[in-house]
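One structure is given below, encoded as structure tokens.
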Amino acid sequence: MSKYRTPAAYALAVLLLLVVVVLTTPNGATRARWSAAGQAEVPALTVGVVGFDVAGTGSSATLTNASGFGIRYRPVQISVLDGGAPVAPPAGLRLAYRTGTDCSAPESPATWAAVAPGGSAAVAVPGSTRAPLERDRPAKLCLTVSTDDVADDALRLLAGRPLQVVTQVEATTLDGGSWSATRSWTMPFTVDLPPVTAPMPPVPADAAQCRAADNTAALRWTWSGASGAPAVTEWQVLVRPRGSTGAPTLVKRVPGAATRDIPLTATDLRRIAGYEKNQEYEALVRAVLGPGTGHHVDSAYAWTIKIAGASDNIDCEGLPS
């Protein structure tokens, strides 16, 4: 009894089986490409970035550490700007930095100090001491600027100008790391004029004269100068009602010339207190020192001036010494 077979289908099946065996059997000409994948969590890595911020208000600044580690800081360099343009701090300018909650107190010891050598736009802060700054625990840094050791001539070049003292503050890691960050803090600063010796105040007699003619008084005075002061650029006369304790009012001004002479009329004086019969005034002279210093020297009240009745005639005399 014979069985029915399909020779072509049988032969094809045998051929496919042989191909699979050859391809899946390792030998010298084939390589296995087996692989496996999986996930594993590792601890968070700290990147070498110092989170450091300096926020200044006036003569003090608040320092903040937002890093994931402790840092140390110190001021490293100072520069002075005038309207955004760098200027060389005058020789002898002293800058002192203090830390702590009461750092604005001048009696507290300075942690860092620098003295401007003159002629250099940037001043390095000497020393290597750094103060620690913990994470999320802000600290205060205060700056005091002293002009006590600056020459008067150098001060006058900067007097009255709104300057900016810019401090570069550098922070580094606590334990041997090399990461660092630098931030700047700008403090406004105005240089005061050095003190001057006031001139001898005008006194009665030849030093302070007053000559009246009809409704005009001519005030004259001598000028003994002020020690170390610049030249006088303008003379001013300021007047107030006699017996008043208020500030005087500027009534006349003339250029700073050798003729120290200013006329005052009844109309000039009426502008101060309005129309009153028999009104008396007291006057002083002001020497404006300059140019552009904004400084002046006042005399004592040297004259009394009286408007007599409704005639606007003026009488004047020096105040008793």
Side-chain angles (χ1 to χ4, degrees), residues 41-118 120-150 158 162-191:
E41 292 188 3
V42 297
L45 299 178
T46 301
V47 180
V49 175
V50 176
F52 179 56
D53 184 59
V54 178
T57 302
S59 61
S60 65
T62 300
L63 282 58
T64 305
N65 175 17
S67 309
F69 42 83
I71 61 176
R72 294 184 183 275
Y73 69 92
R74 76 176 185 94
V76 292
Q77 183 175 285
I78 304 139
S79 56
V80 177
L81 304 179
D82 180 7
V87 296
L93 187 73
R94 292 184 174 274
L95 305 105
Y97 293 89
R98 296 173 173 85
T99 58
T101 55
D102 297 326
C103 67
S104 58
E107 62 271 12
S108 60
T111 307
W112 302 277
V115 180
S120 173
V123 179
V125 180
S128 57
T129 301
R130 296 179 182 269
L133 183 62
E134 299 180 33
R135 181 181 182 183
D136 298 329
R137 294 190 64 180
K140 285 190 68 176
L141 180 66
C142 299
L143 171 59
T144 302
V145 181
S146 171
T147 59
D148 292 347
D149 297 328
V150 179
L158 299 174
L163 304 176
Q164 303 84 43
V165 179
V166 182
T167 302
Q168 298 291 332
V169 185
E170 183 185 71
T172 58
T173 53
L174 273 175
D175 301 318
S178 59
W179 306 322
S180 66
T182 303
R183 301 290 182 266
S184 63
W185 156 38
T186 301
M187 184 190 85
F189 178 68
T190 302
V191 176

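By convention here, the first residue in the shown sequence is residue 1. These numbers were taken from a predicted model, which means no experiment stands behind them.
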Atom of Q77, atom of V125 and distance for their closest heavy-atom approach: N-CG2, 3.9 Å
Pairing of D148 and R94 as salt bridge, 4.0 angstrom limit: no
Result of checking R130, R72, E134 against L174 for side-chain contact (heavy atoms from CB on, under 4.5 Å): R72
Reported OG1-to-NZ distance for the pair T62 and K140, which is rounded to 0.5 angstrom: 6.5 Å
Which atom of V50 lies closest to which atom of A171, heavy atoms considered: CG1-CB, 4.2 Å
Side-chain donor/acceptor of W112 to backbone N/O of T129, under 3.5 Å: yes
For the student: nearest non-hydrogen atoms of N65 and G70, plus distance: ND2-CA, 4.0 Å
Side-chain heavy atoms of S60 within contact of C142, under 4.5 Å: yes
Straight-line distance of T190 OG1 to L163 CG, nearest 0.5 Å: 6.5 Å
Taking every non-hydrogen atom, the tightest pair across V123 and V115: CG1-O, 4.0 Å
Ring geometry between W185 and Y97 (parallel below 30°, tilted from 30 to 60°, perpendicular above 60°): perpendicular
Main-chain N/O of S67 paired with R135 side-chain donor or acceptor, under 3.5 Å: yes
Side chains of I71 and W179 in contact at under 4.5 Å (non-hydrogen atoms): no
From OG1 (T111) to CG (L141), nearest 0.5 Å: 8.0 Å
Closest approach of S184 to Q168 (non-hydrogen atoms, all atoms of both residues): CB-NE2, 3.6 Å
Full working for side chain to side chain contact (heavy atoms under 4.5 Å, CB included) between F189 and L143: CA-CA 11 Å; F189 178 68; L143 171 59; over 6 Å; no
Stepwise side chain to side chain contact (heavy atoms under 4.5 Å, CB included) test for T147 and L93: CA-CA 5 Å; T147 59; L93 187 73; 3.6 Å; yes
Minimal non-hydrogen separation, I78 against A114, with atom names: CD1-CB, 4.0 Å
Spatial distance of atom CG (L133) from atom OG1 (T172) [nearest 0.5 Å]: 11.0 Å
